[in-house]
Amino acid sequence: SKLVKGLAKTRNSIANGIDAIFSGFSNIDEDFYEELEETLIMADLGIKTTDAILENLRAKVKEQKIKEPAQCRELLINSMIEQMAVGETAYEFENRKSIVLIMGVNGVGKTTTVGKLAGQLKAQGKKVIVAAADTFRAAAIEQLTEWANRANVEIIAHKEGSDPAAVIFDAVTAFKARNADVLICDTAGRLHNKKNLMEELRKINRIIDRECPDVYRETLVVLDGTTGQNALAQAKEFNEVANLTGIVITKLDGTAKGGIAIAIQSELNIPVKYIGIGEHIEDLQKFNASDFVNALFQ
Ligand code: GDP
């Protein structure tokens, strides 16, 4: 499948290493667990998540009186999936009037994600509007305009450097006037100035609260999967300034660090809702822990 193909690099780093351990050891001993630990950490699962997974594995091995390393493969896969359990992931914005705020620092794939999501929702027959509220970067406005034209959805944009809150005000006004289903806002993500970012978000949320008090709101942060543990640190910082309802991890097709998706969902307890495995519209895929881990161990 496309997912299996997209995750090829991470699969090489995780599954091949792990399978070599399963076939290389004849006993389940401390060395065996140490090698597993090293491999998982190398694949960017992080120490905390790796330790939790291995603790779970040890308990399963003991309980089921497993003696052969090879028999641990399925148990390890299950431990990874269990470690990511955050309950059923809801995509409420697909089923009700919604305003989706998308945040993320420059270059992570934020604008592309807004474009892909707009295109997918439009293809589902929804009336979609996008707002170019990341007014900091001129290219972001142009890029989003291109995506909007391609997807044939309306875009609300002002010129570079204008007040993001003014764009949001125009966007929610259009959202109401056109009786649209979903408004997707490309918002800023200047983490180096947290105070400004918080102030900007507060302004944006205040406008939406006032103009559209009953509309469901989704706040997603976009993270670049190729940055591994850095992406996890970014997610934590964004979560401090915004009430995140979900995470998008992009560029998983270009990295061996895809284990970061497991670490992020496990450590933050915020659902990863989408992953990006390429540059086309259909390359933004809904994330499912079980499908993801199984694709890594194909
Ligand atoms: P922004 O600055 O966060 O808005 O980032 P952009 O949306 O401009 O994306 C930066 C680059 O990453 C662009 O060249 C995108 O095509 C690329 N990109 C975004 N998502 C993905 C993905 O899932 N896979 C790959 N391979 N490239 C991606």
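Counting convention: from 1, in listed order, for ligands and their atoms alike. Since we're looking at a predicted model, the values are computed, not measured. As a basis for the values below, the full set of heavy atoms in this structure was taken, side chains included, without hydrogen atoms, waters or symmetry mates.
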Taking only heavy atoms of [X] into account, list the atoms of ligand 1 that are under 4.0 Å away from them.
X: K110; value: 1 (P), 3 (O), 4 (O), 5 (O), 7 (O)
X: V105; value: 3 (O)
X: G276; value: 23 (O)
X: N106; value: 2 (O)
X: I277; value: 23 (O)

Nitrogen or oxygen of [X] less than 3.5 angstrom from that of ligand 1:
X: K251; result: yes
X: T112; result: yes
X: R137; result: yes

Name the closest protein heavy atom to [atom], giving the residue it belongs to and the distance to 0.1 Å.
atom: atom 8 (O) of ligand 1; result: Q143 NE2, 2.7 Å
atom: atom 2 (O) of ligand 1; result: G107 N, 2.6 Å
atom: atom 5 (O) of ligand 1; result: G109 N, 3.0 Å
atom: atom 16 (O) of ligand 1; result: E279 OE1, 2.4 Å
atom: atom 26 (N) of ligand 1; result: D253 OD2, 2.7 Å
atom: atom 22 (C) of ligand 1; result: G278 O, 3.1 Å

Ignoring hydrogens and geometry, is there a side-chain-to-backbone donor-acceptor pair from [X] to [Y] under 3.5 Å?
X: T49; Y: G46; value: no
X: R73; Y: D19; value: no
X: K273; Y: A90; value: yes
X: T187; Y: A133; value: no
X: Q64; Y: L75; value: no

Please classify the [X] to ligand 1 contact at 4.0 Å (heavy-atom distances, strictly less than): side chain, backbone, both or neither.
X: K116; value: side chain
X: L252; value: neither
X: T111; value: both
X: I275; value: neither

Do E82 and N56 have side-chain N/O donor and acceptor atoms under 3.5 Å apart?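 Per modelled atom types, E82 and N56 side chains form a pair under 3.5 Å.
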I'd like to know if the side chain of E218 pairs up with that of S98 as donor and acceptor (distance under 3.5 Å, no hydrogens or angles considered).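 Their side chains do not contain a donor-acceptor pair, so the 3.5 Å distance test is not met.
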In Å, rounded to the nearest 0.5 Å, how long is the span from CZ of F297 to CD1 of I81? 9.5 Å
Mind checking whether L101 and V153 sit in one hydrophobic cluster, side chains of I, L, V, M, F, W, Y counted as touching below 4.5 Å? no
Single-linkage hydrophobic cluster, 4.5 Å side-chain cutoff, L183 and F93 together: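 No, L183 does not connect to F93 through the hydrophobic network.
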Would K97 pass as a cation-pi partner of F175, given that its NZ or CZ must be under 6.0 Å from the six-membered ring centre and within 45 degrees of the axis?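 So K97 does make the cation-pi contact.
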